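The block underneath contains the structure these notes are about, expressed in C-alpha cells.
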Amino acid sequence: MASPVTSRRTAVPAVLAVGAPGTAMPALEALAPPEALPAHVRAAVSAIGGATGAWCPAPAPDGRRIAYVSDRSGLPRLEVADLGGALPPAVLSDPDQEVISVTWSPDGAWLAYLVSPGGSICAELHVVRPDGTGHRVVAGPDPRATVFAGCWAGPRHYACSIAPGNGPDADVVLVDVVTGELRTLASGGFLSVTAVSADHRTVLARRGPRAFRHVVVIDVATGIQRRVLRLDAPGGIASEDGRFTPDGRAVLVRAAMPGPPGTDRAGLVEVPVDGDGVPSAGRRVLYRPDADLDGYALRPDGTVLALWNAGGVSRLWLHAFSDGALVREVELPEPVLSAWAPLPGGDAVVAELSGPRAPRGLWRVPLDGAGAPELLACTPPRPDPGLLVEPVLHEYVAPDGLPLSGWLYTPPGVPGPNRTVVSFHGGPEGQERPSWSPVTQSMVAAGLTVFAPNVRGSGGFGRAFMTADDGPAREASFADVRTTVDELVTAGVAAPGRIGAHGWSYGGYLTLVALTRWPELFAAGASLAGMSDLRTFFAGTEPWMAAASVTEYGDPVTDRDMLAEISPMTALDRLTAPVLLAHGDRDTNVPVAESVQAHQALQARGACSDLLLFAGEGHAVVGREHVVELGGRLAAWFDRWL
C-alpha cells in the first residue's frame with residue numbers, strides 16, 4: 001500500500017506500507033504523525049525546521065558583492081548580494097535548481113556553480129553572469145556523470161573533476177566557460193583537482209581511496225603523476241588540499257603527521273618542486289598535537305591563516321610561515337567554521353559559521369585584531385534562541401582505554417534520567433560538532449535528551465582514531481555503541497528501557513547495527529538514508545563511490561562474507577524495536593533500495609516498521625518543507641515509542 005509520490009516542493013513525503021502482511025493495517029495516525037505532538041511542540045519544531053541559512057561565501061574580486069548559497073526560498077539557491085547590505089539579495093539560479101556551491105571568476109565576469117539535478121548526487125556545472133544573463137550548463141549534462149568542484153585557472157577557465165559514471169575514475173577537465181570547450185588535463189585514477197598552474201602545464205590533484213588519499217603533481221604533457229610526499233615522508237600516507245605557492249616553486253599540502261594515537265594530527269607541509277614539477281623533501285610548517293588542521297591560506301604578508309579543529313570547535317589562528325609561530329588568534333562568534341573566502345586587501349575574510357543555536361550564516365571576520373566580527377545583512381534571520389539548547393561535551397573511556405566523547409543536548413528543566421536518543425553521525429569519517437542540527441533540536445523540543453557521540457572511526461581526533469574502524473576492525477566501533485549506552489545510564493543521563501537510536505547515512509547503518517546487535521538496549525530506532533546491506537550498497541552506489549569505499553568497509557568480492565556478517569539485513573530477525581526508515585527517492589549515494597529492502601524484510605517478519613520516501617530528495621533532505629516534516633516525524637516517532 002503506498003501513496004502517490006509527491007513533488008519536490010510538497011511537505012508530505014510518500015509513505016509506504018506500515019504493518020505486517022496478513023494483519024490489519026493500522027492507520028498512519030496510530031503510529032507517530034507530527035500531529036500527535038502537543039501544539040506548542042509542533043510550533044517549535046516548525047520554527048526550528050523552517051530556519052534558513054546562507055553558506056559557501058564567494059566575494060566578488062572588487063569586494064563590493066558576494067555570491068553564496070541560501071535556502072531561504074525553500075531550496076538551496078544561488079544568491080548575489082551587496083556586501084554593504086544596501087540592496088536585497090538577488091536569486092540567480094532557476095527555481096528548480098538545487099545549488100551545491102559557487103565561486104566567482106578572478107575577473108568578476110562569471111559565476112560557476114554546481115547543481116544537484118532533482119537531488120541527485122550526479123552534479124552539473126553551470127555558469128552565469130553576475131547580472132543573471134548568459135546562464136548555461138557547461139559540464140555534466142549526462143545524467144550518469146558527476147562534476148566535482150575545482151578552482152578557476154584564469155579568468156575564463158574553470159578546472160574541475162568529472163566522473164563519467166561508467167567506472168571508478170574521474171578526470172581533471174579544463175572548461176572554457178565562454179566557448180564551452182572541455183579539455184582533459186589529467187586522467188588515471190580518481191583525481192580531485194585542487195590547483196592548476198598559471199600556464200596550465202601542471203595540475204595538483206588528490207587521488208586514492210578513503211583515508212589513503214594523497215596529493216600528486218601531474219605533468220599535463222606527459223601524464224606523469226608524482227606523489228608530492230613520499231610514503232616514508234612525514235604526512236606521506238595521507239595528504240589533502242594541494243596548492244602552489246605564489247612563486248610556483250613549492251607545493252603546500254595538509255597532511256597527517258605520524259605519532260602516537262591521538263597526536264597523529266593533520267598539519268601543513270611545504271614541498272619544493274623544480275621546473276618540471278618534481279618534488280623534493282618537505283618541511284613541516286604547522287602542527288598541533290591537540291588539533292587537526294581543517295584549512296589554511298597563505299597570505300601576502302607572509303603569514304598563514306590556519307583553521308584548527310580542536311575537539312570539534314573551530315579555532316582560527318594566524319601563524320608565521322617561516323617557523324609556524326603563533327601571531328594572533330582570531331575571534332569567532334560561533335563554534336564551527338566550515339568555509340571562508342578572503343576579502344580584497346587581505347585584512348578580513350567572509351566566514352561561514354554555525355552553532356547549535358545558529359544555522360549557517362555569513363560573517364565578516366577581521367584578521368588584524370581591530371573590530372569584532374559582523375553578521376552580513378544577506379544572512380537570513382536567526383531562529384528564536386529560546387527554542388534551542390546548547391550542548392555540553394561529555395567525555396568517557398572505552399573498555400580498551402580509548403577516549404571517547406560526544407555532545408549532550410538536554411531539554412530545559414530535566415533534572416535526572418530522561419528518554420534519550422543516541423544520534424550517530426554519517427561518514428563514518430564525519431564528526432559530531434556543536435553546529436546547527438534542526439533534527440536534533442526538534443527532538444529536544446519534544447522533551448527528548450539527545451546524545452551525539454564520536455565513536456572510533458570519526459574524524460577530528462587524529463588519523464589512528466579515524467582508521468580504527470576500517471575493514472575487520474569495524475566490530476570495535478560497534479562495541480563503542482554499547483559503551484556509549486552504558487555510560488549514559490551510569491551517568492544518570494538516560495532512563496533504561498527508554499533509549500532510542502538514530503542516525504543518517506553511515507549513522508543510519510550504525511543504528512540498524514545497534515538495533516540488531518543489542519535489541520535489549522533500544523526501545524525504538526530511526527535510520528535516515530542508511531545502508532542495510534553493504535553488499536547491495538556496493539552493487540548499487542555510484543562506481544566511483546564504491547571504489548573509494550573499499551578501504552573503509554572491505555572489498556565487495558574478496559570480503560563478501562565479512563560484509564554479510566556486518567550487514568544488518570542478515571540479522572533483522574533479532575530486531576525487536578519499532579524502526580522508522582526514511583530516504584530521499586533520488587539518492588544514488590546510498591541507494592533508496594537500502595531502506596526499501598529493509599522495510600520489506602521487516603514487514604515479512606511481522607516487525608513494526610514505517611518507511612518514508614521524500615520525493616525529489618537525494619542523499620540529504622534539503623527542501624525546507626521536507627526538513628520540517630522530517631523533524632516532526634522523528635520527534636513524534638521517539639515521543640511515541642520512548
Side-chain angles (χ1 to χ4, degrees), residues 53-70 78-90 92 99 101-113 128-131 149-155 158 194-195 241 243-246 252 268 293-308 314-321 327-334 336-354 358 360-380:
W55 58 94
C56 193
D62 61 9
R64 297 170 56 189
R65 291 171 294 172
I66 183 168
Y68 55 93
V69 182
S70 175
L78 168 59
E79 294 186 359
V80 173
D82 177 66
L83 260 174
L87 298 174
L92 297 192
V99 177
S101 62
V102 61
T103 182
W104 215 304
S105 66
D107 63 355
W110 292 96
L111 291 164
Y113 64 102
V128 67
R129 296 282 189 183
D131 63 0
C151 56
W152 286 94
Y158 185 80
T194 62
D241 298 347
R243 306 180 200 176
F244 294 105
T245 54
L252 299 176
L268 185 64
L293 184 68
D294 274 356
Y296 67 93
L298 183 60
R299 305 175 70 226
D301 65 0
T303 59
V304 181
L305 185 62
L307 175 61
W308 298 102
S314 297
R315 306 293 185 194
L316 193 59
W317 288 10
L318 279 171
H319 298 264
F321 182 67
V327 175
R328 181 183 306 111
E329 182 168 2
V330 179
E331 175 189 355
L332 294 177
E334 298 291 350
V336 178
L337 192 161
S338 303
W340 80 64
L343 287 168
D347 61 343
V349 298
V350 176
E352 172 195 319
L353 290 155
S354 69
R360 290 177 290 181
L362 303 181
W363 293 76
R364 184 187 184 278
V365 178
L367 304 178
D368 56 6
E374 300 176 69
L375 186 65
L376 297 187
C378 60
T379 297

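Computed from a predicted model, the values in this text were never measured in an experiment.
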Let me confirm one number: the [atom1]-[atom2] distance from [X] to [Y], rounded to the nearest 0.5 Å.
X: L316; Y: D294; atom1: CG; atom2: CG; answer: 11.0 Å
X: D368; Y: D347; atom1: CG; atom2: CG; answer: 6.0 Å
X: R315; Y: L332; atom1: CZ; atom2: CG; answer: 8.5 Å
X: L318; Y: R299; atom1: CG; atom2: CZ; answer: 5.0 Å
X: L298; Y: T303; atom1: CG; atom2: OG1; answer: 7.5 Å
X: F244; Y: T194; atom1: CZ; atom2: OG1; answer: 8.0 Å

Heavy-atom donor-acceptor pair, [X] side chain to [Y] backbone, under 3.5 Å:
X: R243; Y: A195; value: no
X: T379; Y: G361; value: no
X: T103; Y: A112; value: no
X: R364; Y: L83; value: no
X: Y113; Y: V69; value: no

- Message: Checking A58 now: which residues fulfil side-chain contact (heavy atoms from CB on, under 4.5 Å) with it, not counting sequence neighbours?
- Response: A67, V102
- Mind checking side-chain contact (heavy atoms from CB on, under 4.5 Å) for P333 and listing every partner two or more places apart, or none if nothing turns up? L353, W363, P373
- Query: Considering residues at least two apart in sequence or located in another chain, which fulfil the salt bridge (Lys or Arg N to Asp or Glu O under 4.0 Å) criterion with R64?
  - Reply: none
- Task: Please name all residues satisfying salt bridge (Lys or Arg N to Asp or Glu O under 4.0 Å) with D62, sequence neighbours left out, ordered by chain then number.
- Result: none
- After noting the C-alpha distance and the side-chain angles of R129 and D131, does the key distance pass the salt bridge (Lys or Arg N to Asp or Glu O under 4.0 Å) rule? CA-CA 5 Å; R129 296 282 189 183; D131 63 0; over 6 Å; no
For the residue pair [X] and [Y], establish whether any side-chain heavy-atom pair is separated by less than 4.5 Å.
X: H319; Y: L268; result: no
X: L78; Y: V128; result: yes
X: W104; Y: P61; result: yes
X: D241; Y: L293; result: no

For the student: nearest non-hydrogen atoms of [X] and [Y], plus distance:
X: C378; Y: A81; result: CB-CB, 3.7 Å
X: G108; Y: P130; result: O-CG, 3.3 Å
X: E334; Y: S354; result: CB-O, 3.3 Å
X: S314; Y: V336; result: OG-CA, 3.5 Å
X: P59; Y: A341; result: CD-CB, 3.3 Å
X: A320; Y: V327; result: N-CG2, 3.6 Å

- Query: Can you name the side chain to side chain donor-acceptor pair (under 3.5 Å) partners of W340, sequence neighbours left out?
  - Reply: none
- Those residues at least two apart in sequence (or on a different chain) that pass side chain to side chain donor-acceptor pair (under 3.5 Å) with Y158 are none
- Message: Test side-chain contact (heavy atoms from CB on, under 4.5 Å) on V80 and L111; report intermediate values, then the result.
- Response: CA-CA 10 Å; V80 173; L111 291 164; 3.8 Å; yes
